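Take a look at the structure set out below.
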Amino acid sequence: AEQNDKSICLNLSENERAQLDFIMHEIHGAMISIDSALHSIAKADFSQPDMQQKAKEEALNGLRSSVDLRLMLDFWQISNNADYFENAVARPQKLWNKFCYLNSYMQSLIQRKHLQYDLRPSLREFRNSPIADFVGYPIINAIANILLDNAIKYSPDGDTIICEFEDDPDELIITVENNGPYVAPEEIEQLFLCGMRGKNADKAQVNGHGYGMNFLQLIVNAHDGEIEVESSHEYNIDGIPYGKYTCRIYLPKYAEEF
């Protein structure tokens, strides 16, 4: 940074500037969506049943936009904080609670779509977290937000989402499995590119911007982890190929004590 009497100027590379422009564009879009939802709810005539239902839908749209906004701001923190990479291993953060106790937005979508959420191991099986505290910056909670939000969005009504934790000596493995639009092998790598989605996801007309998996990969890579995605074609819904979709994340454990 260069400082003078009037301002502080940041010297950004071309890639950093493009990333900043993208983030700011998406933050602006999320804020407009939230503002629109609030205005619609404020003007609703709640004495009419149909308006009550419309207000509920607008509230859900506002909640989704707030999740998008929170994700963008979280990623902003990664992009603009060198301390994140230098001292991430010194900050313990439990992932378990994020998957056990879903936020109200995700709970409302699960109820609306009549989905089942199967956590393994279950809370009944373990009084405390079955995994050790994963050592990392709190931003890693975005892993839970992205994985579960995608699973809920793309699952057909009445389906089951399976979330499984494995605690190995050297790594933590998080697997989220659900049914969703089929992703062809040649498309899987493209899922991690900013703004890219599978063709069948577009055909299914599921709302999305194509940045969740890109952010997820960047976050996992920053923690020296790996991501695997698998998809199978098992049946069709309205002519669109569907099947089992599995996202598996491997996060190494750090032996250093702080």
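In this text the structure is predicted, and so the values were computed from the model without any measurement.
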Identify all side-chain donor-acceptor contacts of residues 108-115 below 3.5 Å with residues at least two apart in sequence or on another chain.
| unit_1 | atom_1 | unit_2 | atom_2 | d |
| --- | --- | --- | --- | --- |
| Ser108 | OG | Ser104 | O | 3.4 |
| Ser108 | OG | Tyr105 | O | 2.6 |
| Lys113 | NZ | Ile152 | O | 2.8 |
| Lys113 | NZ | Lys153 | O | 3.0 |
| Lys113 | NZ | Ser155 | O | 2.6 |

Pairs under 3.5 angstrom only: tabulate donor-acceptor contacts from the side chains of residues 237-250 to other protein residues two or more places apart or in another chain.
| unit_1 | atom_1 | unit_2 | atom_2 | d |
| --- | --- | --- | --- | --- |
| Arg248 | NE | Thr175 | OG1 | 3.1 |
| Tyr250 | OH | Glu228 | OE1 | 3.3 |

Item to check | Full working for side chain to side chain contact (heavy atoms under 4.5 Å, CB included) between Asn145 and Met106 | outcome: CA-CA 9 Å; Asn145 293 334; Met106 290 185 179; 4.2 Å; yes

Item to check | Derivation and outcome, side chain to side chain contact (heavy atoms under 4.5 Å, CB included), residues Leu172 and Ile174 | outcome: CA-CA 7 Å; Leu172 169 64; Ile174 306 172; 4.2 Å; yes

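Rounding to the nearest 0.5 angstrom, the gap separating the CD1 atom in Ile173 from the CG atom in Asp168 is 4.5 Å. In this structure, CG on Asn179 lies 6.5 Å from CD on Glu234, to the nearest 0.5 angstrom.
Contacts classified as salt bridge (charged side-chain N to carboxylate O under 4.0 Å, His left out) and involving residues 178-191 (residues at least two apart or in different chains) are not found. Screening residues 185-208 for ring pair (Phe, Tyr, Trp, His ring centres under 6.0 Å) gives no qualifying pairs among residues at least two apart or on separate chains. Residue pairs satisfying the salt bridge (charged side-chain N to carboxylate O under 4.0 Å, His left out) criterion with at least one member in residues 198-212, sequence neighbours excluded, are listed as follows: Arg197-Asp202.
Side-chain contact check for Val183 versus Val229: every heavy-atom pair is 4.5 Å or farther apart. For the pair Asn150 and Leu216, the minimum side-chain heavy-atom distance is 4.5 Å or more. Annotation: side chain of Ile161 is in contact with side chain of Val176 (closest heavy-atom distance under 4.5 Å).
Closest heavy-atom contact between Glu226 and Val220: N-CG1, 3.4 Å. Residues Ser231 and Pro181 approach most closely at OG-O, 4.2 Å, considering heavy atoms. Closest heavy-atom contact between Phe99 and Tyr117: O-OH, 2.8 Å.
Asn200 places a side-chain N or O within donor-acceptor distance of the main-chain N or O of Tyr182, the cut-off being under 3.5 Å.
Linking ILVMFWY side-chain heavy atoms closer than 4.5 Å, directly or via other members, places Ile162 and Leu147 in two distinct hydrophobic clusters.
Asn221 pairs by the side chain to side chain contact (heavy atoms under 4.5 Å, CB included) definition with Gln217, not counting sequence neighbours.
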